[in-house]
Amino acid sequence: MATPYVTDETGGKYIASTQRPDGTWRKQRRVKEGYVPQEEVPVYENKYVKFFKSKPELPPGLSPEATAPATPSRPEGGEPGLSKTAKRNLKRKEKRRQQQEKGEAEALSWTLEKVSLGETSQLPNALQGSRAVPTAVSDQPDSATTTEKAKKIKNLKKKLRQVEELQQRIQAGEINQPSKEQLEKLARRRALEEELEDLELGL
């Protein structure tokens, strides 16, 4: 919005008096020669900003038709423009996600089967509807115990694998004199196997 100027008989410029929102008037102010109001002062731009604004978007000699986005042909991997490693990682992630969903579905079906076998034989038909919610709630601790058992099984399998590797190294002659800890580890093999069998049967 340009500032309204008033000129008098002597040729001097004035900013006209304006009314405030409360009804009072501002005095008119004399303006010196060459004064530019704040809202009309151009924004300062350094030489780099000016250069980049004046620079064309396309390289010299390149036509705009050549830069039109062509529909990318999808390679066989599915995603456009991915490297072999990225495609492999995508496949691994997808496979992991599917296995996780499958494991969750199996655990859910197992707990549902257990609940349906245990609960329906004891309850009459009239009470089954009212007892449906509490049984679903009681399944949560059961699933927690199954995950704990799965962790224990995984740990036992890892320990057994380490024992087998140690035994192979001793047989191959890599370790001539096994240490006390290594001998103890070998002695615990049978106990680990029994514990693993018990856990797997308990599931």
Side-chain angles (χ1 to χ4, degrees), residues 57 59 66-203:
E57 291 181 20
T67 61
T71 54
S73 60
R74 287 187 146 221
E76 288 181 17
E79 295 293 322
L82 290 178
S83 65
K84 287 181 181 178
T85 314
K87 288 177 191 173
R88 200 176 311 130
N89 288 342
L90 262 174
K91 285 181 184 176
R92 283 181 186 160
K93 281 182 185 175
E94 184 66 26
K95 197 172 185 180
R96 244 185 254 128
R97 190 179 58 79
Q98 287 174 353
Q99 285 176 348
Q100 191 175 13
E101 287 175 358
K102 186 180 176 185
E104 288 172 0
E106 285 177 1
L108 185 64
S109 65
W110 183 79
T111 52
L112 285 174
E113 190 177 298
K114 185 178 175 185
V115 168
S116 63
L117 289 175
E119 293 288 325
T120 52
S121 60
Q122 296 170 1
L123 297 173
N125 289 336
L127 294 174
Q128 282 181 10
S130 62
R131 280 295 198 88
V133 176
T135 55
V137 173
S138 67
D139 287 345
Q140 290 173 350
D142 194 35
S143 64
T145 55
T146 55
T147 54
E148 282 182 34
K149 282 184 181 178
K151 283 182 184 177
K152 284 182 182 177
I153 289 171
K154 188 178 177 183
N155 276 341
L156 287 171
K157 285 183 179 177
K158 184 180 177 184
K159 286 178 183 177
L160 278 170
R161 213 172 29 247
Q162 288 173 348
V163 169
E164 287 171 9
E165 285 173 10
L166 179 64
Q167 196 167 12
Q168 287 173 359
R169 288 173 66 192
I170 291 171
Q171 287 173 353
E174 289 178 31
I175 302 173
N176 295 331
Q177 292 292 324
S179 67
K180 185 180 174 183
E181 291 87 17
Q182 289 172 336
L183 290 171
E184 286 174 3
K185 197 181 253 190
L186 288 171
R188 279 200 313 259
R189 180 178 183 162
R190 186 66 205 140
L192 290 171
E193 286 173 349
E194 286 174 3
E195 193 177 345
L196 181 64
E197 282 175 25
D198 292 343
L199 280 172
E200 284 178 341
L201 291 174
L203 274 176

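Because only heavy atoms are used, hydrogens play no part in the values below, and waters and symmetry mates are left out as well, while side chains stay in. Numbers for residues simply follow the sequence, beginning at 1.
- Rounding to the nearest 0.5 Å places CG of Asp198 at 10.0 Å from CG of Leu156.
- Scanning for side-chain contact (heavy atoms from CB on, under 4.5 Å) contacts around Gln162 gives Lys158, Lys185, with sequence neighbours left out.
- The shortest non-hydrogen separation linking Gln167 to Leu186 is CB-CD2, 4.0 Å.
- Under the rule for a salt bridge (charged side-chain N to carboxylate O under 4.0 Å, His left out), Arg92 has no partner lying at least two apart in sequence or in another chain.
- Expressed to the nearest 0.5 Å, how far CD1 of Ile153 lies from CD of Glu197 amounts to 11.5 Å.
- Here Asn155 pairs with nothing under the side-chain contact (heavy atoms from CB on, under 4.5 Å) rule; sequence neighbours left out.
- The side-chain hydrogen bond (donor to acceptor under 3.5 Å, both in side chains) search around Arg97 returns Glu94, Glu101, not counting sequence neighbours.
- Here Lys152 contributes atom NZ and Glu148 contributes atom CD; the two are 6.5 Å apart, rounded to the nearest 0.5 Å.
- Remark: Glu106 pairs with no residue by the salt bridge (charged side-chain N to carboxylate O under 4.0 Å, His left out) rule, at least two apart or across chains.
- Residues satisfying the salt bridge (charged side-chain N to carboxylate O under 4.0 Å, His left out) test with Glu164, not counting sequence neighbours, are Arg189.
- Separating the CG atom in Leu199 from the NZ atom in Lys151 is a distance of 14.5 Å, to the nearest 0.5 Å.
- Pairing each heavy atom of Val163 with each of Leu192, the nearest pair is CG2-CD1, 4.4 Å.
- For the pair Arg190 and Glu194, the minimum side-chain heavy-atom distance is below 4.5 Å.
- A search for salt bridge (charged side-chain N to carboxylate O under 4.0 Å, His left out) contacts involving Lys157 returns Glu200, not counting sequence neighbours.
- Atom CG in Leu160 sits 10.5 Å away from atom CZ in Arg188 (nearest 0.5 Å).
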